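Accompanying notes for the structure given below.
By convention in this document, chain letters (A, B, ...) are assigned in the order of the sequence lines, proteins followed by strands, and residues within each chain are numbered from 1. Just so it is clear, the model here is predicted, and its values are computed rather than measured.
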2 protein chains.
Amino acid sequence: MSAPSERSKRRRSTGQQPITLSDVAARAKVSEITVSRILRGVGPIADSTRERVMEAVDAMGYVPNRVAGTLASSVSSLVGVIIPSLSNIVFPEVLQGINAGLEPSGYRPVVGITDYDATTEEKLVASLLAWKPAAMIIAGFDHTPMTRRRLQTSGIRIAELMDIDATPIDLAVGLSHRAAGYDTGRHLLRRGYRRFGYVGHDWSADRRAKLRYDGLRQALCDAGHVFAGEAMTQGPSSTGAGRSMLDALLRSSPDVDVAVFSNDDMAVGGVFHCMTAGITPKRDLGLFGFNGLDIGQALPLRLSTIRSNRFLIGRMAVEKMLQQSERPGTPEIIDTGYEIVEGETA
Amino acid sequence: MSAPSERSKRRRSTGQQPITLSDVAARAKVSEITVSRILRGVGPIADSTRERVMEAVDAMGYVPNRVAGTLASSVSSLVGVIIPSLSNIVFPEVLQGINAGLEPSGYRPVVGITDYDATTEEKLVASLLAWKPAAMIIAGFDHTPMTRRRLQTSGIRIAELMDIDATPIDLAVGLSHRAAGYDTGRHLLRRGYRRFGYVGHDWSADRRAKLRYDGLRQALCDAGHVFAGEAMTQGPSSTGAGRSMLDALLRSSPDVDVAVFSNDDMAVGGVFHCMTAGITPKRDLGLFGFNGLDIGQALPLRLSTIRSNRFLIGRMAVEKMLQQSERPGTPEIIDTGYEIVEGETA
DNA sequence: CTGTTAGCGCATTCAG
DNA sequence: CTGAATGCGCTAACAG
């Protein structure tokens with residue numbers, strides 16, 4: 001056994017500490033930088049020394065300290081991810097896409113949840129930027145001026161997800177919710193529906209639902225129609241709210257022939273209401289959602305809806321940023337599109 | 001404007017760089033360590049200098065570099081989190097609990113997804129430990145020997161979640177799935193069911209489902225019964241699989257009076273099958289799940305199931321570890337329990 | 001192909 | 001109450 005390096009000796013005196021580059025280098029009788037190079041796979045290395053070093057690494061169970069590495073090289077393999085919630089299945093799905101995109105390159109997501117609160121988001125942005133991430137991914141465009149400034153001046157790549165109905169700081173990946181709403185209207189008009197009811201949830205925290213509503217109303221307007229009725233719940237979207245709000249809608253406006261829901265969660269609730277109220281979807285009342293969630297397609301009657309590609313949104317954002325670590329001159333927008341899912345409820 | 005420090009001058013020569021402690025100190029005409037102390041809220045500080053420094057901090061928009069801070073103090077505010085999947089809503093819920101527990105203390109989760117693969121888990125553990133997290137949270141007990149060794153020797157606190165049917169490295173938080181299965185059996189026997197069918201999914205990746213099955217079988221056995229039929233899908237659990245597998249079960253064993261599902265996803269599928277097949281739950285056939293998911297309780301008929309407290313599991317694990325940063329002498333186990341949800345399907 | 005030198009930005013001593 | 005010196009563990013830059 002070779003003598004430990006000066007550094008190692010110092011540390012060893014105070015009990016068992018994690019192995020460092022220095023320890024490995026001492027054991028393999030090379031310099032620290034050589035071990036570092038071998039582990040990072042850079043520069044020309046003699047096979048014999050590589051073998052010797054790898055042996056030492058394995059024997060000692062050395063795990064490089066990325067904190068030190070990041071500080072020294074100012075190249076981080078963390079990516080900040082900020083989403084409003086984990087309750088809404090949509091965001092875990094985006095996170096899956098992000099994870100899938102990051103995985104192969106060894107980047108790790110550091111996650112923050114805003115609870116749909118811009119002030120929380122502001123703090124999170126600062127807190128995550130403090131880790132000097134390689135990039136930042138954030139859902140939505142509703143930032144405080146301070147948040148926007150910090151993201152702007154951080155210099156790293158910034159992806160704003162879900163939405164492309166606004167100008168991003170750097171990169172936007174998502175779909176046009178306004179267009180999706182408009183196409184919902186066109187589609188349902190084509191199918192012969194005329195008396196539209198809307199079942200929604202609180203917009204203040206969900207700008208995208210509002211955009212879809214606006215698009216839908218525009219489509220109706222362009223065809224010379226208006227909403228025949230609306231029912232909005234106060235809180236966030238949920239299956240339970242969908243049930244009760246469809247009930248409320250049908251009481252106040254019994255003559256609607258189609259109910260458009262703010263999303264699939266709400267729409268699934270609507271389907272459940274029909275089941276208990278003896279209403280046959282499509283024949284008696286059209287039901288239309290948004291998102292294309294699995295649960296909607298697993299219903300006894302497949303939900304008619306629009307598929308937003310959440311996984312793809314996450315993965316695309318990551319791939320785009322990994323592929324070019326510098327911000328382009330002008331903000332870029334990637335449209336991941338959407339598809340109408342015919343289903344059996346409209 | 002005061003003269004920049006030596007360090008700042010050096011950096012400034014190569015274009016716009018992020019603000020450092022040095023810059024703030026120079027502007028406030030104090031030493032770096034004073035700024036550091038003020039920002040961390042340690043030591044006695046004169047009000048006048050604090051004001052002066054905070055002014056500089058705000059004016060320059062200084063954000064401390066946690067990478068450097070962590071290296072210098074070897075006190076990290078990252079927590080590694082390893083879960084098998086994000087598709088199964090159960091894990092985002094655990095993650096919510098983890099996040100809720102971490103939030104107030106400013107710790108941030110760094111997330112890894114194993115896809116139920118022990119080798120992936122092994123790599124993730126090494127990769128996350130490289131960030132010198134303050135603690136590590138990992139779902140389940142099925143680790144490779146190497147993974148276990150790394151977690152063991154890392155010295156940081158380790159929480160193994162979901163399950164308490166095994167001895168943890170340090171801390172286990174969850175429920176006894178075996179007991180939950182057993183109680184499911186007792187409960188249904190008490191309600192008069194005798195001819196039990198089981199509808200399950202692939203166990204190889206879900207040891208806990210197997211444990212519940214074993215517990216259930218034990219309860220039947222203790223009462224002198226056996227399963228009247230079983231139907232297992234090859235892949236993971238899903239609503240779709242629940243539908244088709246209940247169908248399969250009823251074809252092969254038409255005389256079962258209750259179907260126990262491996263979890264709520266499967267059970268909801270079972271309820272959907274009943275709806276299309278003209279079977280009235282409870283009257284014609286009992287249906288019982290596991291997890292107590294929202295979707296089950298939002299069905300036209302509330303699903304009979306067992307509530308596992310996923311959010312609580314995540315939060316408890318975090319709180320326990322934050323409260324004591326040293327590992328206790330002997331592994332500790334926290335039972336977050338479960339409750340039978342009577343529901344309307346059994 | 002390998003080593004030396006000099007930091008990365010901050011926090012921990014230890015002095016005043 | 002404040003500061004100077006030193007090093008956390010690693011890597012960039014420049015020798016040889």
Side-chain angles (χ1 to χ4, degrees), chain A residues 4-14 17-53 57 60 62-78 129-132, chain B residues 4-14 17-26 28-53 57 60 62-77 129-132:
Chain A
S5 69
E6 284 311 307
R7 240 173 185 163
S8 308
K9 260 192 285 186
R10 204 182 335 97
R11 275 190 303 91
R12 284 286 168 277
S13 57
T14 16
Q17 294 290 325
I19 316 293
T20 70
L21 252 198
S22 184
D23 300 311
V24 178
R27 170 151 176 163
K29 297 195 203 303
V30 293
S31 68
E32 300 182 19
I33 189 68
T34 299
V35 180
S36 170
R37 284 185 184 125
I38 290 172
L39 260 24
R40 283 177 299 145
V42 303
I45 300 285
D47 286 348
S48 60
T49 72
R50 171 180 286 109
E51 277 170 35
R52 205 146 33 87
V53 167
V57 166
M60 308 178 83
Y62 171 66
V63 177
N65 182 337
R66 308 238 15 140
V67 177
T70 300
L71 183 60
S73 65
S74 54
V75 172
S76 172
S77 62
L78 290 180
L129 284 177
W131 285 101
K132 304 288 157 185
Chain B
S5 70
E6 284 311 307
R7 241 175 183 160
S8 307
K9 261 192 286 186
R10 202 182 337 99
R11 276 189 303 93
R12 284 286 168 277
S13 58
T14 16
Q17 294 290 324
I19 315 293
T20 71
L21 253 197
S22 184
D23 300 311
V24 178
K29 296 195 203 305
V30 293
S31 68
E32 300 182 20
I33 189 63
T34 300
V35 181
S36 170
R37 283 188 184 122
I38 291 172
L39 259 24
R40 280 175 301 144
V42 303
I45 301 285
D47 285 349
S48 60
T49 70
R50 171 179 287 108
E51 276 172 33
R52 205 147 34 86
V53 167
V57 166
M60 308 178 83
Y62 171 65
V63 177
N65 182 337
R66 310 245 14 161
V67 177
T70 299
L71 181 60
S73 66
S74 55
V75 173
S76 169
S77 61
L129 284 178
W131 285 100
K132 303 288 156 186

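By the side chain to side chain contact (heavy atoms under 4.5 Å, CB included) test, V57(A) is found to be paired with V24(A), L39(A), V53(A), Y62(A), residues two or more places apart in sequence or in another chain being considered. Annotation: side-chain hydrogen bond (donor to acceptor under 3.5 Å, both in side chains) contacts of T34(A) (sequence neighbours excluded): S31(A). Remark: A72(A) engages no residue in a side chain to side chain contact (heavy atoms under 4.5 Å, CB included) (not counting sequence neighbours).
E32(B) has its CD atom 14 Å from the C1' atom of dG7(D), to the nearest Å. What separates CD1 of I33(B) from C1' of dA11(C) is a distance of 5 Å, to the nearest Å. N65(B) places its CG atom 17 Å from the P atom of dG9(D), with the value rounded to the nearest Å. Between the NZ atom of K132(B) and the P atom of dA11(C) there is a distance of 19 Å, rounded to whole Å. Computed from coordinates, the L21(B) CG to dC10(C) C1' distance equals 6 Å when rounded to whole Å. If you measure from atom NZ of K29(B) to atom P of dT2(D), you get 16 Å, rounded to the nearest angstrom. In this structure, CZ of R52(A) is placed 12 Å from C1' of dC1(C), rounded to the nearest angstrom. A straight line from CG of D23(A) to P of dG9(D) spans 9 Å, rounded to a whole angstrom.
Using a 4.0 Å cut-off on heavy atoms, the residues of residues 35-49 of chain A that approach DNA chain C are R37(A), P44(A), I45(A), A46(A), T49(A), listed by number.
Under a 3.5 Å cut-off, the side chain of S36(B) and the backbone N or O of E32(B) do not form any donor-acceptor pair.
Using a 4.0 Å heavy-atom cutoff across all strands shown, V30(A) reaches sugar-phosphate atoms only and no base atom.
When every heavy atom of S76(A) is checked against every heavy atom of W131(B), the shortest pair comes out as OG-CH2, 3.9 Å. Residue A68(A) comes nearest to L71(B) through the heavy atom pair CB-CD1, 3.7 Å, listed as atom of the first residue, atom of the second, then distance.
Closest to the T20(A) side chain, of the nucleotides dG9(D), dG3(C), dG7(D), is dG9(D). When distances run from any side-chain atom of A72(A) to the nucleotides dC8(C), dT4(C), dG9(C), the shortest one goes to dC8(C). Considering only side-chain atoms of S73(B), the nucleotide from dA11(C), dC10(D), dA12(D) that sits closest is dA11(C). Comparing dA12(D), dA4(D), dG9(D) against the side chain of A68(A) picks out dG9(D) as the nearest.
An OP1 or OP2 oxygen of dG3(D) is reached within less than 4.0 angstrom by a side-chain nitrogen or oxygen of T34(B). Within the structure, a side-chain polar atom (N or O) of Y62(B) is placed less than 4.0 Å from OP1 or OP2 of dC10(C).
Pairs of residues two or more places apart, or lying in two chains, that qualify as salt bridge (Lys or Arg N to Asp or Glu O under 4.0 Å) and include a residue from residues 34-47 of chain B are D47(B)-R50(B).
Rounded to the nearest 0.5 Å, atoms CG (L78(A)) and CZ (R66(B)) are 12.5 Å apart. The CD1 atom of I38(B) sits 10.5 Å away from the CD1 atom of I33(B) when rounded to the nearest 0.5 Å. Distance OG1/T70(A) to NZ/K132(A): 11.5 Å, rounded to 0.5 Å.
Helix-axis bend for the helix from dC1(C)-dG16(D) to dG16(C)-dC1(D): the local axis fitted to the five terminal pairs at one end deviates from that at the other end by 30°, rounded to 10°.
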